[in-house]
Every structure is written in C-alpha cells, then in structure tokens.
There are 2 protein chains.
Amino acid sequence: MATKRTNGEDDTVTTADRLASPLDELLGYRLRRASMAMIGDLVATLRPFGLSVGEVSLLILVGANPGCRQSDVGRALEIKRANLTPLVGRLKTRGLVIDAPIDGRSLSLTLTDAGRALRDDILDRVIASDRKYRKRLTLDERALLAALETLAR
Amino acid sequence: MATKRTNGEDDTVTTADRLASPLDELLGYRLRRASMAMIGDLVATLRPFGLSVGEVSLLILVGANPGCRQSDVGRALEIKRANLTPLVGRLKTRGLVIDAPIDGRSLSLTLTDAGRALRDDILDRVIASDRKYRKRLTLDERALLAALETLAR
DNA sequence: TATTGTTATACTCTATAACTATA
DNA sequence: TATAGTTATAGAGTATAACAATA
C-alpha cells in the first residue's frame, strides 16, 4: 500500500471536515480560480450596461485603436472571426461602433461619439474593479503582471 | 480634446503595426490570458484520455477524499449540483467512480481501482503540464500561489 | 493562393427552475 | 424548512466548415 502524503490523503475515508485538495498545489488551478473570481466581479460591474466581457474588450481595444482592422482585433483578443462578426454587429446596432471598408475585403472599426463616451465610463469602472483586487496583493504588481505575461506565452 | 496617454492611444488612426492594448494593464485580463494558455495545454494533455478538465478535477478530488459527499465535491469545485450529476455519471459509466448512499439523500463518492490507476497516471501528466509553466516563473512560486489564493477570495 | 468577413451549425459550460426524497 | 440529488432546458462562449469576395 503505497502511502505518499503530499496534501491529498488517500485511503483515508473522509467524514465531514474540509476536503483535501491536491488541486490547490497547481498553478493552473489557482490561476483559474483567481481569474474566475475577478471575471465574476467584472460581469457584475458590466451587467447594468447590458454588455458582455467580450463586448467591452472590443470596445476598449477599438477605442484605443481607431480605424483598426477587424481581423487585427480578432487576433489581439484571440476571438475567431466567425465569432467576432456578431460581437461587432451588436456594438454597431447599439451605435457604439462604425465600420468602413479599408480595401475590398477588410473593415476598419472606430468608436462613435457615443461609443467613446460609454468606453470612458466603463473603462473607469473596469479599472476600479481591477484595482479592488490589486489592493489585496502582497507582492509586487509589476513583477506579477510580467510573470503572467510570461505564462500566456 | 482630452488627450491622456497611459498606453492606449486615442484619436490616432491606427494603420498597420501592433495594436495598443490598455487591457494589458489589467490584472484580470492578464490572469485570464495566462489561465487560458495553461488550460489549453491541459486540455491537449487530457485529450488522449477522453476526459474534460471538469472530469479530471473530480477524479483528483474524489481520489484524495474517498467516501466524500457529492455535495461537498460540488462546493469545493464550485460546480452546481445540477451540472455535477452528469459529470459524476460519466465517470461512473466508465467505471472510474462508484457511489454509495450515506443517508437517504446524500451520496458518497469513491474511486474504483481503475479510477485510482487512471488518476495516478493523469495526475502525473497534469503536474508535468503545470510544471512546464512554473519553470518560466522568475518570481517566488509560493508567493505567487499565495497571492492567487488571496485573489480568489 | 491566402486572407477577410459572413453564415450556419454544433459542442461544451454554466445557470435556473421544478421536482422528489429525506434530514 | 433546508438540503441532496435529479431532470429538463436555456443561455453563453467557442469551434469548424463552407462560401463569396478580394488581395
């Protein structure tokens, strides 16, 4: 009976207390939990605006890059073009984004005045949500962001 | 024309180069990107086994807590009981998990011999995938895990 | 020939509501 | 009355394939 103890007790019948969780030792699992927590707060922040996280990402990215190509936005956000079409469509319907042909096949995206105004408002709140979590950090913010970028390849 | 420059250039028409991304300054966005990258690798690792990330989380958690209540597993993994039922069902169908009544309404979950064997194999690979990313880290692993736990509340 | 945008479609995850039964 | 498990269902988000138009 091999009985290696690291964290997850095996062959011990669990009765009532808290569960042993070998998952907590995994960077990927912790990363996912932290990410889910922050996204949950973000979703709640965005609910009153009737905008999804994806739509707001698009709003912010196009706002920072007026006239950018739709295909470049998709690549930057890692959203496939088949999924980007309806996402852009909803923002166009709401009068937040306008597109214009670049050449015969590419589209440029730009925020409307209403889009910029909403972007300004929402970006403030997104940053406020983000800051709430940053404040809990004990370790250096810049070092953490750099490490996370490294992990994302 | 308010022109505050932090990272995201506004009112500058983007032509060709790389996009300005105010999102990169957000902890939540970086966290999500890093998490997605690691999950992508994990999914590829698990593909040959025909198991999802959720199924493997369940396999590992039940493996570390034989006889645990299904409801406790759901709470630990933050999976709603309505979604846990088919997840457990698939592992039972594959002969990896068995359940037994605790009282008239609760179920205990335990891995079968086959379940433990598969868990051992898969856990090794999951840890190997995780370690691949840990190795890239410049900052202290323990400090990072602790910080991530703090963020997850 | 590769790229862009679109449409249609399928698959996974997650969320809610309703139900049974048990504590 | 609250909890546990189940079922059915709806909604996101994401993935692929096929197509037309263009570079």
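Note on naming: letters A, B, ... go to the chains in the order of the sequence lines (proteins, then strands), and numbering restarts at 1 for each one.
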**OP:** Please work out which residues in residues 76-91 of chain A have a non-hydrogen atom less than 4.0 Å from an atom of DNA chain C and list them by number.
**Re:** A/Arg81, A/Ala82, A/Thr85
Original post:
Roughly how far, to the nearest 0.5 Å, is the CZ atom of A/Arg32 from the CG atom of A/Leu26?
Top reply: 12.0 Å
**OP:** Under the side-chain contact (heavy atoms from CB on, under 4.5 Å) rule, collect the residues that match up with B/Arg131, sequence neighbours excluded.
**Re:** B/Ile127, B/Ala128, B/Lys135
Original post:
Roughly how far, to the nearest 0.5 Å, is OH of A/Tyr29 from CG of A/Asp24?
Top reply: 6.0 Å
Side-chain donor-acceptor pairs of residues 146-153 of chain B under 3.5 Å, sequence neighbours excluded:
residue: B/Thr150; atom: OG1; partner: B/Ala146; partner atom: O; Å: 3.0

Subject >> Which residues share a salt bridge (charged side-chain N to carboxylate O under 4.0 Å, His left out) with B/Arg142, sequence neighbours left out >> reply: A/Glu25
Original post:
Who are the side-chain contact (heavy atoms from CB on, under 4.5 Å) partners of A/Arg105, not counting sequence neighbours?
Top reply: A/Asp103
Original post:
Among all residues two or more places apart in sequence or in another chain, which pass the side-chain contact (heavy atoms from CB on, under 4.5 Å) test with A/Asp121?
Top reply: A/Phe49, A/Arg125
Subject >> Near-strand residues of residues 27-35 of chain B, defined as heavy-atom separation under 4.0 angstrom from DNA chain D >> reply: B/Arg32
**OP:** May I ask you to decide whether A/Asp120 forms a salt bridge with A/Arg116, counting only side-chain N to carboxylate O separations under 4.0 Å?
**Re:** no
**OP:** Considering only heavy atoms of chain A and a distance under 4.0 Å, specify the first and last nucleotide of DNA chain C in 5' to 3' order that meet this criterion.
**Re:** C/dA2 to C/dT14
Subject >> Residue mapping more 5' on DNA chain C - nearest nucleotide basis, A/Gln70 or A/Met36 >> reply: A/Gln70
**OP:** For B/Leu46, check side-chain contact (heavy atoms from CB on, under 4.5 Å) against everything at least two apart and list the hits.
**Re:** B/Leu42, B/Val53, B/Val56, B/Ile122, B/Val126
Original post:
Measuring from B/Ser108:OG to B/Gln70:CD, what's the distance to the nearest 0.5 Å?
Top reply: 10.0 Å
Original post:
What pairs meet the salt bridge (charged side-chain N to carboxylate O under 4.0 Å, His left out) rule with one or both residues in residues 43-57 of chain A, with sequence neighbours excluded?
Top reply: A/Glu55-A/Arg90
**OP:** Only counting residues at least two apart or in another chain, list the ones meeting salt bridge (charged side-chain N to carboxylate O under 4.0 Å, His left out) with A/Asp140.
**Re:** none
All N/O contacts under 3.5 Å from nucleotides 21-23 of chain D to the protein, with atom names and distances to one decimal?
residue: D/dT22; atom: O2; partner: A/Arg105; partner atom: NH1; Å: 2.9
residue: D/dA23; atom: OP1; partner: A/Gly104; partner atom: N; Å: 2.6

